[in-house]
Number of protein chains: 2
Amino acid sequence: MARTVAERSDVLPLLAEVFREHGYEGTSLSLISKATGLGKGSLYHFFPGGKEEMAGAVLAEIDGWFEAHVFRPLREADDPATAVAAMFATVAEYFRSGRRVCLVGALSLSDARDRFAGRLRDYFARWVEALAAAMGRAGHPAASAAMLAEEAVGGIQGAVVLARALDRPEVFERILAGLRARCLILEPYPT
Amino acid sequence: MARTVAERSDVLPLLAEVFREHGYEGTSLSLISKATGLGKGSLYHFFPGGKEEMAGAVLAEIDGWFEAHVFRPLREADDPATAVAAMFATVAEYFRSGRRVCLVGALSLSDARDRFAGRLRDYFARWVEALAAAMGRAGHPAASAAMLAEEAVGGIQGAVVLARALDRPEVFERILAGLRARCLILEPYPT
DNA sequence: TCTGTGGTTTACCAATCAGTACAAGAAGGC
DNA sequence: GCCTTCTTGTACTGATTGGTAAACCACAGA
């Protein structure tokens, strides 16, 4: 039979895009089959656990990508301020100015949250921690760095929501610019 | 037959809770039937358009609630600064410190966005406008008020995402406190 | 060339999906 | 009392759901 010679890792990006577009519940096996060009047999060959394993694998890949391109640079950069600025650029590109949904955020709001609770919590916790650490090294007091990091990571998620709802990508850019400015300016956190 | 004497408006809050918990795709008629105690016959009697009409009616009710309790007070309050502070309190209670999902935001991230695009855009646009207007009357320059309003409304949505993902309601409270402080302090927007 | 393994197709399953049809009961007007 | 209108339960549709089973083929190593 026609061998697609597809590897598991090859279909993950396609899979990710389907889940992003349709959510966990909205993603049916027939949609997946259409998007990947793989029949049900092949899909269950790669992912014996079915839809749940597919979503889990996608989440793991996203997590790995952010670890390599966002979290670790924040933690290990020689110049933390530059790393923070780079994070905003990387994230804006990744989310395509809000046109692309954050799957982790979307799952957090959805029914599937409980199913992946550990992974979702871990992703955001590590993001907040890495950002707070970078800002701390950049000169922010520890307390304000932690609060600012939470506000920034949450703000990015909210920017995706708002830009998508309003259908105005420039809103995403504008919010991120504001957040970046506040993360880089060293002033005491207003109380 | 046992008349439940239910009015359409009586089942809307129950319906809203089901959609919030399971999302649009994840909400099945059997779930709705269980949550409302109404059989399919009754449901299609009240909502001939099926699930889509139900979700539309829920969105309209939510929109009306926010118009009455959030948007209009912001626009018409004698003391705009107090109104802004009141908004944060109202919203925190409504979203139960992030334990309750914003259905409008969740739909914006979901597959059903296109179906309700107009309503979603309208809801957020009016929120941002009303908040910006209030902050303008409170003394913020028009430009910074508009940007701050976008950041605040987006920030609230992001706070829901983050608090749910981390399973830490205090994160929601903390972010909202920070946003409120920034909306009330009159300082030039950092650039 | 034979054979085992990894990948694929196809057919199938029971369950559930949204939606329809309709008969039947309950309530209010007369 | 009856009759109409509104509301409900039940039964049904055809399509789709996630998932299984097994026959089947391609290819690499021996």
Side-chain angles (χ1 to χ4, degrees), chain A residues 1-61 103 106-107 110-116, chain B residues 1-59 103 106-107 110-116:
Chain A
M1 299 213 167
R3 275 203 148 191
T4 316
V5 199
E7 296 211 17
R8 210 181 113 118
S9 60
D10 292 337
V11 301
L12 278 180
L14 301 168
L15 221 41
E17 219 45 46
V18 181
F19 279 115
R20 260 190 279 265
E21 279 172 29
H22 301 95
Y24 184 76
E25 333 283 342
T27 296
S28 68
L29 286 184
S30 68
L31 271 174
I32 295 174
S33 192
K34 205 177 295 172
T36 59
L38 266 55
K40 269 193 205 179
S42 303
L43 288 172
Y44 273 88
H45 178 71
F46 288 124
F47 307 95
K51 203 164 86 157
E52 178 157 353
E53 186 177 340
M54 297 181 207
V58 165
L59 278 180
E61 209 212 24
L103 181 59
L107 286 182
S110 85
D111 199 16
R113 184 193 70 146
D114 297 346
R115 213 188 288 258
F116 305 108
Chain B
M1 298 210 164
R3 272 201 151 191
T4 315
V5 199
E7 296 212 17
R8 211 180 111 118
S9 58
D10 292 336
V11 301
L12 280 180
L14 301 168
L15 220 41
E17 219 45 46
V18 181
F19 279 116
R20 261 189 279 264
E21 279 172 30
H22 300 96
Y24 184 76
E25 332 285 340
T27 297
S28 68
L29 287 185
S30 68
L31 270 175
I32 296 175
S33 192
K34 204 177 296 174
T36 60
L38 266 56
K40 271 194 200 177
S42 304
L43 288 172
Y44 274 89
H45 178 71
F46 289 125
F47 308 95
K51 203 163 84 158
E52 178 157 354
E53 187 178 339
M54 297 181 207
V58 165
L59 277 179
L103 181 59
L107 286 181
S110 86
D111 200 16
R113 184 193 72 146
D114 297 346
R115 213 187 287 257
F116 305 107

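Numbers restart at 1 for each chain; the letters A, B, ... are given by sequence-line order, proteins then strands.
No side-chain heavy atom of A:I32 sits less than 4.5 Å from a side-chain heavy atom of A:H22.
For the atom pair CG (A:L29) and CZ (A:F47), the distance works out to 11.5 Å, reported to the nearest 0.5 Å. Separation of atoms CD (A:E61) and CG (A:L103) is listed at 11.5 Å; rounding is to 0.5 Å. Here A:L31 contributes atom CG and A:L15 contributes atom CG; the two are 11.0 Å apart, rounded to the nearest 0.5 Å. In this structure, CD in A:E25 is found 6.0 Å from NZ in A:K51, a value given to the nearest 0.5 Å.
A straight line from NE2 of A:H45 to C1' of C:dT9 spans 13 Å, rounded to a whole angstrom. Regarding A:L38, its CG atom lies at a distance of 13 Å from the P atom of C:dT10, rounded to whole Å. The nearest whole Å value for the distance from the CZ atom in B:F46 to the P atom in C:dG19 is 18 Å. Atoms CG (A:L43) and P (D:dT20) sit 13 Å apart, rounded to a whole Å. C:dG6 atom C1' lies 15 Å from atom CZ of A:R8, rounded to whole Å.
Ring geometry for B:Y24 versus B:F116: interplanar angle over 60°, hence perpendicular rather than tilted (30 to 60°).
Here A:S42 does not reach the OP1 or OP2 of C:dG7: none of its side-chain N or O atoms lies under 4.0 Å away.
Under 4.0 Å is where a charged nitrogen must lie from a carboxylate oxygen, and between A:R8 and A:E53 at least one such pair does.
Each of B:T27, B:T36, B:V58 was checked for a side chain to side chain contact (heavy atoms under 4.5 Å, CB included) with B:V18, and the lone residue meeting it is B:T27.
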For DNA chain D, the dot-bracket notation using Watson-Crick and G-U wobble pairs below 3.5 Å, [ ] for pseudoknot-type crossings and | for other-strand pairs, is ||||||||||||||||||||||||||||||
Grab the N/O contacts between the protein and nucleotides 16-19 of chain D below 3.5 Å, and write none if there aren't any.
unit_1, atom_1, unit_2, atom_2, d
D:dT17, OP1, A:S28, OG, 3.2
D:dT17, OP2, A:S30, OG, 3.3
D:dG18, OP1, A:T27, O, 3.2
D:dG18, OP1, A:K51, NZ, 3.4
D:dG18, OP2, A:L29, N, 2.7
D:dG18, N7, A:K40, NZ, 3.4
D:dG19, OP2, A:Y44, OH, 2.7
D:dG19, OP2, A:K51, N, 3.2
D:dG19, O5', A:Y44, OH, 3.0
D:dG19, N7, A:K40, NZ, 3.3
D:dG19, O6, A:K40, NZ, 2.5

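At the heavy-atom level, A:G41 lies under 4.0 Å from base atoms of the strands shown.
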